[in-house]
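Some notes on the structure that comes next.
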2 protein chains.
Amino acid sequence: MAEDKKNVDESAEPQVPQAVVSRLSLYLRELQHLVRDGFETTSSTQLGRLLGFTDAQVRKDLAYFGQFGYPGIGYRCAELIAAIKKILGTNQSWSLAIVGMGNLGRALIGYRGFQQQGFEIVAGFDTDPAKIGNKIEGLQVYHLDEVTQVVREKNIRLAIVAVPSAVAQRVADALVSAGVEGILNFAPVTLALPKHIHTVGVDLAIELEQLSFNVVSKLAKGP
Amino acid sequence: MAEDKKNVDESAEPQVPQAVVSRLSLYLRELQHLVRDGFETTSSTQLGRLLGFTDAQVRKDLAYFGQFGYPGIGYRCAELIAAIKKILGTNQSWSLAIVGMGNLGRALIGYRGFQQQGFEIVAGFDTDPAKIGNKIEGLQVYHLDEVTQVVREKNIRLAIVAVPSAVAQRVADALVSAGVEGILNFAPVTLALPKHIHTVGVDLAIELEQLSFNVVSKLAKGP
DNA sequence: TAGATTGTTAATCGATTAACAATC
DNA sequence: TAGATTGTTAATCGATTAACAATC
């Protein structure tokens with residue numbers, strides 16, 4: 001128990017790369033489309049083609065989590081969907097908080113895609129007195145000072161941060177001390193948080209920078 | 001010239017991994033914060049610490065593009081900012097179109113972070129007659145049928161897709177045939193587009209799935 | 001049976017890290 | 001000079017792909 005070599009994780013499982021987890025979400029999305037389009041089964045080749053991956057990669061990714069396919073047949077879509085949801089934790093529904101009732105925050109409250117994948121926003125927070133106590137887009141808005149109480153009452157484990165950069169770190173700290181375990185951060189800053197808190201950052205300007213880089217780079221090569 | 005081994009890109013340059021490009025955007029963001037906070041210079045160690053990377057990785061990433069540092073000194077922030085902007089193509093301003101004037105589309109029009117990094121939304125598109133011809137959040141809204149003309153007139157090279165999944169592919173096709181070269185897609189679908197068109201997909205539900213996966217996985221290990 | 005497709009091992013490829021001479 | 005830090009090469013590590021026996 002005492003002997004740790006380097007900083008290797010002590011847990012037994014093979015340790016799943018984050019890249020595998022994000023492809024898992026893409027497999028889930030494609031499988032849902034396949035079911036909608038009437039497919040009962042699919043194959044690693046088909047899934048790979050739809051997403052631009054090799055068939056080997058699809059099989060390898062799934063192999064991290066178990067055996068889900070049938071040699072000679074492929075994968076039963078409904079079955080694989082259920083399995084991936086279980087792995088991702090979205091076989092159950094998650095209660096979310098959102099902080100920041102600006103343009104982006106309000107848009108996210110109305111976003112249908114969250115509900116569809118098992119995420120329900122159950123509380124909004126802001127510090128603007130004009131907004132607190134009202135409902136915005138049907139969602140009850142609380143003062144950030146009440147976050148600890150509301151998070152406990154409503155069993156909130158994940159939160160969305162949609163506030164200006166200048167206050168994002170303070171808001172994140174408040175969420176963490178209220179007991180939130182994961183944060184989806186839309187403010188264009190790197191949050192400094194305890195290691196056991198999970199963070200995903202979405203910086204919209206950065207996404208555009210990836211595009212502009214690729215567009216300008218391609219100028220070098222002719223058509 | 002004829003002899004190509006496998007499907008190796010013919011272009012001379014070392015071929016930059018996409019992961020490097022996204023870290024480049026993060027370096028830029030941190031450098032801008034450092035300048036705001038009064039730093040004249042920084043180092044690979046400092047940048048790495050702020051972002052959770054090793055110093056070696058920072059230097060290696062930058063080395064793809066040239067020599068920007070001073071041995072014994074580090075990097076001059078302003079200088080490195082200018083260099084990265086040039087690499088990413090954001091030393092110039094980009095004119096953007098946005099398609100879809102729903103909740104998310106309207107929020108993105110008002111998002112200050114785009115302007116700040118050199119992206120200006122100059123035209124909105126929709127197919128709802130009630131919206132066309134008006135200004136939304138100060139932005140002129142056109143019918144999607146006019147996209148080719150507007151794209152040409154306003155020199156638009158990048159576009160944001162914020163429409164429902166069901167129509168995202170058709171919208172993307174229209175943008176491409178209008179001459180757009182890069183698409184930031186918020187619809188939760190994989191777009192099938194010509195190889196020379198660049199796409200970045202942002203699926204908000206998938207970002208939350210990454211969080212839920214990590215939160216449930218951590219249950220296995222006790223504190 | 002023949003054809004299809006899995007799960008898995010081994011081979012390849014690519015990315016990260018460590019180390020260090022060169023430089024300020 | 002001593003201390004700091006770069007750019008770069010070599011070593012390590014990890015992820016992807018190819019190949020194939022097993023299975024339906």
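Numbered from 1 within each chain, the chains take letters A, B, ... in sequence-line order. These numbers come from a predicted model, not from an experiment.
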Distance-only donor-acceptor hits, side chain of residues 93-101 of chain A, under 3.5 Å, sequence neighbours excluded:
{"unit_1": "A/Trp94", "atom_1": "NE1", "unit_2": "A/Gly89", "atom_2": "O", "d": "2.7"}

Would you list the pairs meeting salt bridge (charged side-chain N to carboxylate O under 4.0 Å, His left out) in which at least one residue belongs to residues 30-58 of chain A, sequence neighbours left out? A/Asp55-A/Arg59

Give each stem of DNA chain D as a range with a range, requiring at least 3 consecutive Watson-Crick or G-U wobble pairs whose two distances are under 3.5 Å. C:3-24 with D:3-24

What protein N or O atoms touch nucleotides 21-24 of chain D N or O atoms at under 3.5 angstrom, if any, and at what distances?
{"unit_1": "D/dC24", "atom_1": "O4'", "unit_2": "A/Pro71", "atom_2": "O", "d": "3.3"}

With salt bridge (charged side-chain N to carboxylate O under 4.0 Å, His left out) as the rule and sequence neighbours excluded, what pairs involving residues 192-209 of chain A come up? A/Asp203-B/Arg29

Suppose we screen for salt bridge (Lys or Arg N to Asp or Glu O under 4.0 Å). Which residues come up paired with A/Arg106, at least two apart in sequence or across chains? none

Listed partners of B/Ala178 passing side chain to side chain contact (heavy atoms under 4.5 Å, CB included), at least two apart: B/Val147, B/Thr148, B/Val151

Anything under 3.5 Å between a donor and an acceptor, one on a side chain of residues 159-170 of chain A, the other on a protein residue two or more places apart or in another chain? List them.
{"unit_1": "A/Gln169", "atom_1": "OE1", "unit_2": "A/Ala192", "atom_2": "N", "d": "2.9"}
{"unit_1": "A/Gln169", "atom_1": "NE2", "unit_2": "A/Asp173", "atom_2": "OD1", "d": "2.9"}
{"unit_1": "A/Gln169", "atom_1": "NE2", "unit_2": "A/Ala192", "atom_2": "O", "d": "2.9"}
{"unit_1": "A/Arg170", "atom_1": "NH2", "unit_2": "A/Ala166", "atom_2": "O", "d": "3.4"}

When the distance from CD of A/Glu79 to P of C/dT6 is rounded to whole Å, what number comes out? 13 Å

Taken to the nearest whole Å, CZ/B/Phe65 to P/D/dT8 is 14 Å

Would you check if there is a donor-acceptor pair between the side chains of A/Asn103 and B/Tyr111 at a distance under 3.5 Å? no

Nearest-Å distance, CG (A/Asp55) to P (C/dT6)? 8 Å

Rounded to the nearest angstrom, tell me the gap between atom OH in A/Tyr27 and atom P in C/dT6. 12 Å

Please determine if a side-chain N or O atom of B/Arg59 lies less than 4.0 Å away from the OP1 or OP2 oxygen of D/dT6. yes

Atom CD of B/Gln46 and atom C1' of D/dT6 are separated, to the nearest Å, by 15 Å

Hey, could you give me each pair passing salt bridge (charged side-chain N to carboxylate O under 4.0 Å, His left out) that has a residue in residues 68-82 of chain A? Not counting sequence neighbours. A/Arg76-A/Glu79

Rounded off to whole Å, could you give me the CZ-to-C1' distance for the A/Phe68 and C/dT5 pair? 17 Å

Using 0.5 Å steps for rounding, measure from the CD1 atom of A/Ile84 to the CG atom of A/Leu24. 4.5 Å

Check whether any side-chain N or O of A/Ser44 sits under 4.0 Å from OP1 or OP2 of C/dT5, and answer yes or no. no

Sequence neighbours left out, what passes side chain to side chain contact (heavy atoms under 4.5 Å, CB included) with B/Val35? Give chain and number order. B/Cys77, B/Ile81

What pairs with A/Gln57 under side chain to side chain donor-acceptor pair (under 3.5 Å), at least two apart in sequence or on another chain? none

Atom pairs under 3.5 Å, N or O on each side, protein against nucleotides 15-17 of chain D: can you list them with distances?
{"unit_1": "D/dT16", "atom_1": "OP1", "unit_2": "A/Arg23", "atom_2": "NH1", "d": "3.1"}
{"unit_1": "D/dT16", "atom_1": "OP2", "unit_2": "A/Arg23", "atom_2": "NH2", "d": "3.1"}
{"unit_1": "D/dT16", "atom_1": "OP2", "unit_2": "A/Gln57", "atom_2": "NE2", "d": "3.2"}
{"unit_1": "D/dT16", "atom_1": "O5'", "unit_2": "A/Gln57", "atom_2": "NE2", "d": "3.1"}
{"unit_1": "D/dT17", "atom_1": "OP2", "unit_2": "A/Thr54", "atom_2": "OG1", "d": "3.1"}

